[in-house]
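Have a look at the structure below before the remarks.
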Amino acid sequence: MSRQEEILDGLYEYTLNGEAEPVVDLTKEGLEMSMDPMNMLFDALIPALEEVGRLFEAGEYFVPEMLVAANAMSGSMEILKPLIAATGAKPIGTFVMGTVKGDIHDIGKNLCNVMLEGAGFQLIDLGVNVPPDRFIEAIREYKPGAVGMSAFLTTTMPMMKVTIEAIKEAGLRDQVKILVGGAPVTQEFANQIGADGYAPDANSTTRLTKQLLGIS
Ligand code: B1M
C-alpha cells in the first residue's frame with residue numbers, strides 16, 4: 001500500500017473513531033505530499049461520516065460518537081477549506097445559506113459553502129437553527145441571487161416550506177432563487193414546497209445555482 005493510500009485509510013479510520021488529532025496530522029501530511037484536497041474529502045472523510053450514520057442507525061454508535069466523528073472531520077475541513085475555495089476573484093453572485101430552524105447539522109451545508117465560494121460566489125452563512133425571519137432579514141440586507149436551505153432531519157424538512165411561505169409573505173419570493181438540500185430532502189419534496197431547485201450534493205448545488213441564475 002502506498003503512503004497516499006495509507007493516509008486515506010487513516011483519515012477514514014480516525015474520523016470514524018472520532019480521533020481529531022491524527023486526522024489533522026494526516027491531512028497536513030497529505031497536503032505536504034501534494035495530495036488532492038478533494039480526494040481526502042470525497043474518498044475518506046465523507047465516506048467515514050456515511051459509515052458513522054450507518055452505525056448510528058444500527059444502534060452501534062450513539063450521539064456522542066457521531067459528535068466526535070463530526071468534530072474530527074471539521075478539523076480537517078478547516079485546513080482544506082481555503083485550498084478548495086477561490087481567492088481574490090470578483091464574486092459572480094451572492095448566496096445566502098443556512099440550516100433551517102430546529103436543525104443543527106452543518107457539515108453538508110459547510111461543504112456546499114466551500115464549493116460555492118470556490119466557484120466565485122460571495123457566501124453569507126447564517127449558520128444553523130436559522131428561523132425564517134433571519135432568512136428574510138438576510139435577503140433584505142444582502143440582496144442575494146439565491147438562498148439555500150439545508151435540513152438533515154425528516155422533522156425539520158417542513159421548516160423549509162414554512163420558510164418559503166414566510167419569504168413569500170414578506171414579498172421577497174420573486175427576488176431570489178431558492179434551493180434546498182440535505183440528506184433526507186428529495187426533488188419531489190422540493191417541488192411540493194415550491195423551491196426552485198434541489199441539489200443532492202455540493203457540486204450540484206454550485207451547478208444548479210449557476211444554471212438558475214443564468215451564469216455560465
Ligand atoms: Co444527526 N442524524 N442527529 N447528528 N447525523 C442524521 C442526519 C441521521 C440520518 C442519522 C441516522 O439515523 N442514520 C438521523 C436523522 C434521521 C431522520 O430524521 N431521518 C440523525 C439524528 C436522528 C440526529 C439527532 C435527532 C440524534 C439525537 O439527538 N437523538 C440529533 C438532532 C440534532 C438537531 O439537529 N436538532 C442529531 C445530532 C447530530 C450531531 C450533532 C451529533 C452530528 C452533527 C454535527 C454537525 O453537523 N456539526 C450528527 C451527525 C454527524 C449525523 C450524521 C452521522 C452525518 C451527517 C453529515 O454531516 N454527513 C447523519 C447520518 C447521515 O447523514 N448519513 C446524521 C456528511 C455530509 C457531507 O452529508 O448528505 O453527503 P451529505 O451532504 C451533502 C448533501 O446533503 C447536500 O450537499 C452536501 C455536501 O455534498 N446538502 C445540501 C446538504 N445541505 C445542503 C443544502 C443545499 C444543497 C445541498 O442548499 C441548497
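Numbering of ligands and ligand atoms starts at 1, following listing order. In this text, all values refer to a predicted model and were calculated from it rather than measured experimentally.
At distances below 3.5 Å, not a single donor-acceptor pair connects side-chain atoms of Asn129 with backbone N or O atoms of Lys101. A donor-acceptor pair under 3.5 Å is formed between the side chain of Glu5 and the backbone N or O of Ser2. For Asp106 (side chain) and Thr99 (main-chain N/O), no donor-acceptor pair under 3.5 Å exists by modelled atom type. Of the possible donor and acceptor atoms, one in the side chain of Tyr198 sits under 3.5 Å from a partner among the backbone N and O of Val185.
Looking at Asp196 and Arg173, a side-chain N of the basic residue comes within less than 4.0 Å of a carboxylate O on the acidic one, giving a salt bridge. At a threshold of 4.0 Å, the pair Arg54-Glu51 counts as salt-bridged, since one of the basic side-chain nitrogens sits closer than that to a carboxylate oxygen. The residues Glu165 and Lys168 are annotated as salt-bridged, a charged nitrogen and a carboxylate oxygen being separated by less than 4.0 angstrom.
For atom 63 (N) of ligand 1, the closest non-hydrogen atom on the protein side is Gly53 CA, 4.0 Å. Looking from atom 26 (C) of ligand 1 to the surrounding protein, the closest heavy atom is Val63 CG2, 3.7 Å. Looking from atom 65 (C) of ligand 1 to the surrounding protein, the closest heavy atom is Leu49 CD1, 3.6 Å. Shortest contact from atom 72 (O) of ligand 1 to any protein heavy atom: Gly108 CA, 3.6 Å. Counting only heavy atoms of the protein, atom 52 (C) of ligand 1 lies nearest to Met66 SD, 3.9 Å. At the top of the distance list for atom 84 (N) of ligand 1, counting protein heavy atoms only, stands Ser150 OG, 2.8 Å. Atom 81 (N) of ligand 1 has its closest protein heavy atom at Gly182 N, 3.4 Å. Looking at atom 57 (O) of ligand 1, its nearest protein heavy atom turns out to be Ile107 CB, 3.3 Å.
Close N/O approach between Ala202 and ligand 1 is found [any backbone or side-chain N/O within under 3.5 Å]. The shortest N or O to N or O distance between Ile46 and ligand 1 is not under 3.5 Å. Any N or O atom pair closer than 3.5 Å counts here, and Asp106 shares at least one such pair with ligand 1. For ligand 1, the polar-atom distance check finds an N/O of Gly102 within less than 3.5 Å of one of the ligand's N/O atoms.
There is no protein heavy atom less than 4.0 angstrom from atom 8 (C) of ligand 1. Under the 4.0 angstrom criterion, atom 59 (C) of ligand 1 counts as lacking any protein heavy-atom contact. Contact annotation for atom 70 (O) of ligand 1: protein absent (non-hydrogen atoms, distance under 4.0 Å).
Within ligand 1, the atoms closer than 4.0 Å to a non-hydrogen atom of Cys112 are 77 (O), 81 (N), 82 (C), 85 (C), 88 (C), 89 (C), numbered from 1 in the order shown. Taking every non-hydrogen atom of Ala70 and a distance limit under 4.0 Å, the qualifying atoms of ligand 1 come out as 44 (C), 50 (C).
Closest approach of Ala69 to Val52, counting heavy atoms only: CB-CG2, 3.7 Å.
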Verdict with reasoning, Met66 to Leu55, per side-chain contact (heavy atoms from CB on, under 4.5 Å): CA-CA 9 Å; Met66 276 209 287; Leu55 291 168; over 6 Å; no

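Not a single heavy atom of Thr155 sits closer than 4.0 Å to an atom of ligand 1. Assignment of Pro184 to the shell around ligand 1 is not supported, since no heavy atom sits closer than 4.0 Å. Residue Pro200 places a heavy atom under 4.0 Å from ligand 1. Under a 4.0 Å heavy-atom criterion, Met73 is not in contact with ligand 1.
Checking Ser204 against Asp201 by side-chain atom types alone, a donor-acceptor pair falls below 3.5 Å. At a cut-off of 3.5 Å, with distance as the only test, no side-chain donor of Glu117 or Asn113 sits close to an acceptor on the other residue.
Expressed to the nearest 0.5 Å, how far CG of Asp9 lies from CD of Gln4 amounts to 12.5 Å. The structure places CE of Met97 at 4.5 Å from SG of Cys112, a figure rounded to the nearest 0.5 Å.
In this structure, of Ala58, Ser74, Ala183, Ala151, the residue bringing a heavy atom nearest to atom 62 (O) of ligand 1 is Ala183. Which of Phe62, Phe152, Phe42 comes nearest to atom 55 (C) of ligand 1 through a heavy atom is settled by distance: it is Phe152. Nearest residue to atom 36 (C) of ligand 1 from Lys101, His105, Glu51, Met157 is His105 (criterion: closest heavy atom). Distances from atom 13 (N) of ligand 1 to the heavy atoms of Arg54, Lys177, Glu57 show the closest one on Glu57. Distances from atom 39 (C) of ligand 1 to the heavy atoms of Thr205, Asn203, Leu67, Leu55 put Leu67 nearest. If you check each of Leu116, Asp201, Leu153, Leu111 against atom 20 (C) of ligand 1, the one with the closest non-hydrogen atom is Leu153. Compare Met149, Lys109, Glu65 by their heavy atoms: the one nearest to atom 86 (C) of ligand 1 is in Met149.
Cluster membership check: Leu126 does not share its hydrophobic cluster with Phe152, using side-chain heavy-atom separations under 4.5 Å among Ile, Leu, Val, Met, Phe, Trp and Tyr.
With a 4.5 Å cut-off on side-chain heavy atoms, Leu16 and Tyr61 count as touching.
Remark: of the listed residues Asn39, Ile107, Leu8, Val23, Val23 is the sole one forming a side chain to side chain contact (heavy atoms under 4.5 Å, CB included) with Leu45.
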